[in-house]
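Here the structure is a predicted model, which means the values were calculated and not measured. Every heavy atom of this structure was used, including side-chain atoms; hydrogens, water molecules and symmetry mates were not.
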Amino acid sequence: MARIVATEFIALDGVIEAPGGGEGFKHEAWVFDHDRGIEGDDFKLHETLNSDALLLGRITYERFAEAWPTRDGEFADKFNRMPKYVVSSTLRDPEWNNTTVIGDDPLAAAAELDKTYDGDVVIHGSARLTQTLLDHDLIDELRLMLFPVVLGTGRRLFGETSDKKTLKLSQAKAVGDGIMILTYQSTRNTETTTK
């Protein structure tokens, strides 16, 4: 069974919009105001090299498909080579290699990928997709790269959920210019076994 992993660049006030730019957001590319250091870069590289596939929402997919095919290096090579799955009702002819559009039902997408892969299926950004899967307890691991900035406006990762969601912190590490890498595990399996 696959592990569904969501990874996010996030500001202190929960904003995840346009961390790398390209969306016309007031504070786009805000992550580049901070140096994540060698350890932060290594974390992102290791995360990518250990991914079996990407699961993305349409907006994130389009930004990635615009940027990554023209880049090279170990990180870009893996991104360009690995299978990519897009949850979308509007995307018809994806041009980025190894891309499959899997309809607009994120729950069905997660179930299908769970049967297809044994390793990590990683979601980058894709706020709505991540929120939906979190709300249905389908995220196995949540990785937050927390930047020391309050943006004050923008799309946030956490909105209303159907119920309380408890996660277990499995790693916390400071890197670069005061950026925190926080890794949380789902507690859904431990909650059901202890009741």
Side-chain angles (χ1 to χ4, degrees), residues 1-10 16-25 28-88 90-104 106 109-110 112-114 116-133 138-147 155 157 171 173 175-176 179 181-183:
M1 293 176 61
R3 284 190 337 142
I4 305 294
V5 176
T7 184
E8 305 285 348
F9 294 128
I10 189 167
I16 62 169
E17 187 169 351
E23 294 181 34
F25 174 52
E28 66 180 21
W30 51 271
V31 297
F32 297 118
D33 295 335
H34 308 272
D35 180 7
R36 63 187 185 197
I38 292 171
E39 287 181 299
D41 290 344
D42 285 347
F43 175 82
K44 294 307 285 183
L45 177 61
H46 178 75
E47 173 180 78
T48 297
L49 295 179
N50 288 298
S51 301
D52 283 358
L54 296 178
L55 175 60
L56 304 168
R58 181 189 53 82
I59 294 170
T60 301
Y61 171 80
E62 288 176 345
R63 300 292 177 235
F64 280 18
E66 186 179 307
W68 288 106
T70 59
R71 298 182 185 176
D72 57 13
E74 196 172 18
F75 189 99
D77 291 347
K78 176 70 176 194
F79 249 39
N80 289 319
R81 209 174 43 244
M82 84 171 104
K84 294 162 273 293
Y85 297 90
V86 186
V87 177
S88 175
T90 58
L91 185 64
R92 296 286 177 248
D93 298 309
E95 296 182 11
W96 196 11
N97 66 312
N98 296 330
T99 296
T100 304
V101 179
I102 52 176
D104 62 353
E112 183 62 31
L113 294 174
D114 197 40
T116 305
Y117 293 96
D118 291 323
D120 291 350
V121 175
V122 180
I123 305 167
H124 292 260
S126 306
R128 190 178 319 155
L129 171 62
T130 300
Q131 288 167 350
T132 300
L133 296 180
L138 294 173
I139 299 288
D140 296 296
E141 185 170 281
L142 179 62
R143 299 172 185 160
L144 303 177
M145 189 170 270
L146 181 65
F147 285 76
R155 190 177 318 115
L157 176 60
Q171 179 186 10
K173 182 176 189 175
V175 298
I179 297 164
I181 296 173
L182 304 169
T183 303

Just by modelled atom types, is the S88 backbone N or O under 3.5 Å from a matching donor or acceptor in the D104 side chain?
no

Residues in salt bridge (charged side-chain N to carboxylate O under 4.0 Å, His left out) with R143, at least two apart?
E47, D120, E141

For T99, give me all partners under side-chain hydrogen bond (donor to acceptor under 3.5 Å, both in side chains), at least two apart in sequence or on another chain.
Y61

Partners meeting side-chain hydrogen bond (donor to acceptor under 3.5 Å, both in side chains) with D35 (sequence neighbours left out)
none

By salt bridge (charged side-chain N to carboxylate O under 4.0 Å, His left out) - contacts of E112 (at least two apart):
K115

In Å, rounded to the nearest 0.5 Å, how long is the span from CD1 of I16 to CH2 of W30?
8.5 Å

Using modelled atom types and a 3.5 Å cut-off, is there a donor and acceptor pairing between side-chain atoms of Q131 and backbone atoms of L157?
yes

Measure the shortest side-chain to side-chain distance between V101 and P94 over non-hydrogen atoms and say whether it is less than 4.5 angstrom.
yes

Is the shortest distance from a Lys or Arg side-chain nitrogen in E62 or R58 to a carboxylate oxygen in the other one below 4.0 Å?
yes

CE on M145 to CG on L182, rounded to 0.5 Å
10.0 Å

Residues which pass salt bridge (charged side-chain N to carboxylate O under 4.0 Å, His left out) with R63, listed by chain and number, not counting sequence neighbours:
none

Taking only residues at least two apart or on different chains, which pairs with a member in residues 64-73 satisfy side chain to side chain donor-acceptor pair (under 3.5 Å)?
none

Any donor-acceptor pair under 3.5 Å from D140 side chain to I4 backbone:
yes

Can you tell me how the ring of F64 sits relative to the ring of F79, calling it parallel under 30°, perpendicular over 60° and tilted otherwise?
tilted

Within-4.5 Å side-chain heavy-atom neighbours: V87 and R128
no

For N97 and N80, indicate whether the former's side chain and the latter's backbone hold a donor-acceptor pair under 3.5 Å.
yes

